[in-house]
Chemist: 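Below: one structure in structure tokens.
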Amino acid sequence: MPSAPEENPAKRFAAAARRLNHQPALLRVARRGRALLLGGEEDADPLTTARGRPADVAAQRLAELRGEAPGVVGELGLTALQAWQRLAEAQDRGHGKVDVAILFTDLVGFSSWALEAGDEPALRLLREVAAATEPPIANRHGELVKRLGDGLMAAFWDADGAVAAAFEIHAKVAAIEVDGHRPELRTGIHLGRPRKVGGDYLGVDVNVAARLCDAAKPGEVLVSDRALLALDLGSVQAKNRRFRAKGAPKEMAVYSISPSSSR
């Protein structure tokens, strides 16, 4: 009678590793170690692992593995990841280190008009506005960060690119007409060092740019003093504007700008 084939050693090793990985006693030790070392049971911050770098992809896979089948390997891996994240934050590596010009736009009175005009004209207007705004942003090497209903947020490497895009966008939007309605745009631009998380930007500098947009009048482009100082001043005309907004630096000066007549 032939003997049974010997089990593959690699399969035996894998089976033993799986048993150890899910052994309750070892899991308890690993989790207790995480709690003692890091003071909590929270997982790795999903926002800080959303940038697509190799380390982030590995972290996402660890989190998925831990959620599907808790194991010693997943616990130890997440312990190491959390420790690395906290060290990075302590050394300020998690915050922005380069200047970014943040731009926000908003269609003035769009919601009220859309309620009266109806869905079809409103959608047609939004499509035409999108067609007018995207090329100027892309042509200045800007990044369309996100659409915000009747507005948007974009990021640029320099203030000149953001302002040039804003002027072109305003001119193109002013030429749009839908069912007798001509949209009016307002824009805010601030130069700062926001933190990039995944495809988004976070922080006080982003909030400042959004507040500038909120404070702008129909057809107006408002910029912070830091953004204005970074511009080629021969390309714009600037007028000081009174500005107060929650969360914005009290000492910050704000300017309403328009293209220079010499352009």
Side-chain angles (χ1 to χ4, degrees), residues 47-54 56-57 92-107 126-176 183 185-214 216 219-238 252 254-263:
L47 289 177
T48 61
T49 62
R51 305 182 206 180
R53 301 168 302 182
D56 300 330
V57 173
D92 201 32
R93 283 186 292 188
H95 300 281
K97 290 295 188 182
V98 296
D99 285 342
V100 178
I102 300 294
L103 173 150
F104 278 90
T105 68
D106 176 58
L107 282 174
L126 289 177
R127 290 190 188 102
E128 292 195 28
V129 170
T133 56
E134 290 183 11
I137 293 172
N139 291 342
R140 271 81 180 184
H141 306 290
E143 174 188 359
L144 178 57
V145 178
K146 55 188 170 184
R147 295 203 167 277
L148 304 164
D150 56 346
L152 61 80
M153 172 185 171
F156 298 79
W157 288 113
D158 55 64
D160 281 310
V163 167
F167 288 158
E168 184 176 349
I169 289 169
H170 274 246
K172 288 188 172 183
V173 169
I176 295 172
L185 201 68
R186 58 185 174 191
T187 298
I189 299 172
H190 175 58
L191 185 68
R193 295 191 171 186
R195 176 178 177 180
K196 188 167 188 181
V197 179
D200 203 354
Y201 290 85
L202 303 176
V204 173
D205 292 315
V206 175
N207 295 335
V208 168
R211 297 292 178 268
L212 288 171
C213 181
D214 292 342
E220 188 175 40
V221 178
L222 285 186
V223 300
S224 64
D225 48 6
R226 194 162 187 269
L228 183 68
L229 287 173
L231 294 175
D232 173 5
L233 294 181
S235 66
V236 300
Q237 294 178 323
M252 184 181 74
V254 171
Y255 298 86
S256 175
I257 62 171
S258 57
S260 172
S261 56
S262 61
R263 282 171 62 116

Chemist: Dump the intermediate steps for side chain to side chain contact (heavy atoms under 4.5 Å, CB included) on Glu143 and Lys196, then the final yes or no.
Modeler: CA-CA 12 Å; Glu143 174 188 359; Lys196 188 167 188 181; 3.6 Å; yes
Chemist: Less than 4.5 Å apart, any side-chain heavy atom of Ile102 and any of Asp205?
Modeler: no
Chemist: What's the shortest heavy-atom distance between Met153 and Tyr201, and which atoms?
Modeler: CE-CB, 3.7 Å
Chemist: Taking all non-hydrogen atoms of both residues into account, name the closest pair between Arg140 and Ala164 and its distance.
Modeler: NE-CB, 3.6 Å
Chemist: State, yes or no, whether a side-chain contact exists between Val236 and Ser260 at a heavy-atom distance under 4.5 Å.
Modeler: no
Chemist: Under 4.5 Å between any side-chain heavy atoms of Leu228 and Ile257, yes or no?
Modeler: yes
Chemist: Might you point out which heavy atoms bring Ile137 and Ala154 nearest each other, and give the distance in Å?
Modeler: CD1-CB, 4.0 Å
Chemist: What I'd like to find out is whether the side chain of Asp99 reaches to under 4.5 Å of the side chain of Asp158, using heavy atoms alone.
Modeler: no
Chemist: Using every non-hydrogen atom in the two residues, find where Pro194 and Val100 come nearest and quote the distance to one decimal.
Modeler: CD-CB, 4.0 Å
Chemist: Between Arg195 (side chain only) and Leu202 (backbone N and O only), is there a donor and an acceptor less than 3.5 Å apart?
Modeler: no
Chemist: I'd like to know whether Leu126 forms a side chain to side chain contact (heavy atoms under 4.5 Å, CB included) with Arg147, so could you lay out the CA-CA distance, the side-chain angles of the two residues, the decisive distance to 0.1 Å, and finally the verdict.
Modeler: CA-CA 11 Å; Leu126 289 177; Arg147 295 203 167 277; over 6 Å; no
Chemist: As a test of understanding, state which of Ile176, Asp150, Leu107 forms a side-chain contact (heavy atoms from CB on, under 4.5 Å) with Leu185.
Modeler: Leu107
Chemist: Report yes if some heavy atom in the side chain of Val223 is under 4.5 Å from a heavy atom in the side chain of His190; otherwise report no.
Modeler: no
Chemist: Work out which heavy atom in Val173 is nearest to a heavy atom in Ala132; give both atom names and the distance.
Modeler: CG2-CB, 4.2 Å
Chemist: Could you measure the distance from the NZ atom of Lys146 to the CG atom of Asp200? Nearest 0.5 Å is fine.
Modeler: 3.5 Å
Chemist: How many angstroms lie between atom NE2 of His170 and atom OG1 of Thr105, to the nearest 0.5 angstrom?
Modeler: 7.5 Å
Chemist: Where do Met252 and Ser224 come nearest, in terms of heavy atoms and distance?
Modeler: SD-CB, 3.7 Å
Chemist: Go through the steps for Val163 and Val221 under the test side chain to side chain contact (heavy atoms under 4.5 Å, CB included), then give the verdict.
Modeler: CA-CA 8 Å; Val163 167; Val221 178; 5.6 Å; no
Chemist: Evaluate the criterion side chain to side chain contact (heavy atoms under 4.5 Å, CB included) for residue pair Ile169 and Thr187; output intermediate values, then yes/no.
Modeler: CA-CA 10 Å; Ile169 289 169; Thr187 298; 5.9 Å; no
Chemist: Closer than 3.5 angstrom, by distance alone: can the side chain of Asp106 be matched with the main-chain N or O of Gly151 as a donor-acceptor pair?
Modeler: no
Chemist: Does Leu152 reach the side chain of Leu103, with side-chain heavy atoms less than 4.5 Å apart?
Modeler: yes
Chemist: Quick one, Ile189 and Phe156 - any side-chain contact, counting heavy atoms below 4.5 Å?
Modeler: no
